[in-house]
Amino acid sequence: QVQLVESGGGLVQAGASLRLSCAASGITFGTMGWFRQAPGKEREFVATISRIGGSTYYADSVKGRFSISRDNAKNTVYLQMNSLKPEDTAVYYCAASYGSRLYTEGTQYAYWGQGTQVTVSS
């Protein structure tokens, strides 16, 4: 059974840091990514990382503050979030693909986690 399980969300004050984790099981994935969805808004791309070489790509809104990484031996991807802002408040979703390129569209991912809530207070 293929599963993506996120953890690490929570309630923090502006300027704080959080690290999200996403453990994949059931299959070895290629490129993985993080997306988020705020209340009343569409889901948006946050970051993506390739399996081989660890190439990364970020949304402009998080560039310089967030860092995506992965541990292939553990089939786990991480999202380190620093200098959090109230506008980062959202449910964060991990996504996994079979491909090897850097994908920013949700339709390019085959599997999704259940989401973890991140709330940043001002």
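K63 has a carboxylate O that lies under 4.0 Å from a charged side-chain N of D60, or vice versa, which qualifies the two as a salt bridge.
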- [ ] Quick one: do M81 and R65 satisfy side chain to side chain contact (heavy atoms under 4.5 Å, CB included)? Show the steps, please.
- [x] CA-CA 6 Å; M81 306 185 293; R65 299 188 298 120; over 6 Å; no
TODO: Check step by step if side chain to side chain contact (heavy atoms under 4.5 Å, CB included) holds for Y57 and T104.
DONE: CA-CA 8 Å; Y57 184 77; T104 62; 3.7 Å; yes
TODO: Please lay out, stage by stage, how S69 and V77 fare under the test side chain to side chain contact (heavy atoms under 4.5 Å, CB included).
DONE: CA-CA 6 Å; S69 61; V77 65; over 6 Å; no
- [ ] Determine, step by step, whether S122 and E87 satisfy the side chain to side chain contact (heavy atoms under 4.5 Å, CB included) criterion, reporting the C-alpha distance in whole Å, the side-chain angles of both residues, the deciding distance to 0.1 Å, and the verdict.
- [x] CA-CA 10 Å; S122 58; E87 51 262 45; over 6 Å; no
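Counting only distance, with no hydrogens or angles, the side chain of Q114 and the backbone of V5 share no donor-acceptor pair below 3.5 Å. Judged by distance alone, with hydrogens and angles left aside, the side-chain atoms of Q80 form no donor-acceptor pair with the main-chain N or O of S67 at under 3.5 Å. Side-chain N or O atoms of D88 include none that pairs as donor or acceptor with a backbone N or O of V118 at under 3.5 Å. Side-chain atoms of T76 come within 3.5 Å of backbone atoms of K74 as a donor-acceptor pair (strictly under, hydrogens ignored). Side-chain atoms of T89 come within 3.5 Å of backbone N or O of V120 as a donor-acceptor pair.
Of all non-hydrogen atoms in Y93 and G113, the two that sit nearest each other are CD2-O, 3.6 Å. Of all heavy-atom pairs between L79 and A47, the closest is CD1-CB, 4.3 Å. A pairwise comparison of heavy atoms in Q37 and K41 identifies NE2-O, 3.0 Å as the closest pair. Closest of all the heavy-atom pairs between Q117 and A90 is NE2-O, 3.4 Å. Considering all non-hydrogen atoms of both residues, S61 and R36 come closest at OG-NH2, 3.5 Å. Listed here is the closest heavy atom pair of E6 and C94: OE2-N, 2.7 Å.
V62 and F45 are not part of a single hydrophobic cluster, where members link through side-chain heavy atoms under 4.5 Å apart. The hydrophobic clustering, which links ILVMFWY residues whose side-chain heavy atoms are closer than 4.5 Å, places V46 and L84 together. Put simply, Y111 and Y78 are part of two different groups of oily side chains (I, L, V, M, F, W, Y) that touch within less than 4.5 Å, one to the next. Under the 4.5 Å side-chain heavy-atom criterion for Ile, Leu, Val, Met, Phe, Trp and Tyr, I49 and L4 are members of the same hydrophobic cluster.
Put simply, the side chain of S50 reaches to within 4.5 Å of the side chain of L102, judged on heavy atoms. Looking only at side-chain heavy atoms (C-beta outward), T48 and Q108 stay at 4.5 Å or farther from each other.
Using a 3.5 Å distance cut-off with no hydrogens or angles, the side chains of Y98 and Y109 do not pair a donor with an acceptor.
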For residues 9-33, run the donor-acceptor check on the side chains, cut-off 3.5 Å, and write out each pair with its distance to 0.1 Å, sequence neighbours left out.
residue, atom, partner, partner atom, Å
S17, OG, N82, OD1, 2.9
T31, OG1, G99, O, 3.4
T31, OG1, R101, O, 2.5

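For F35 and W112, the gap between ring centers is short of 6.0 Å.
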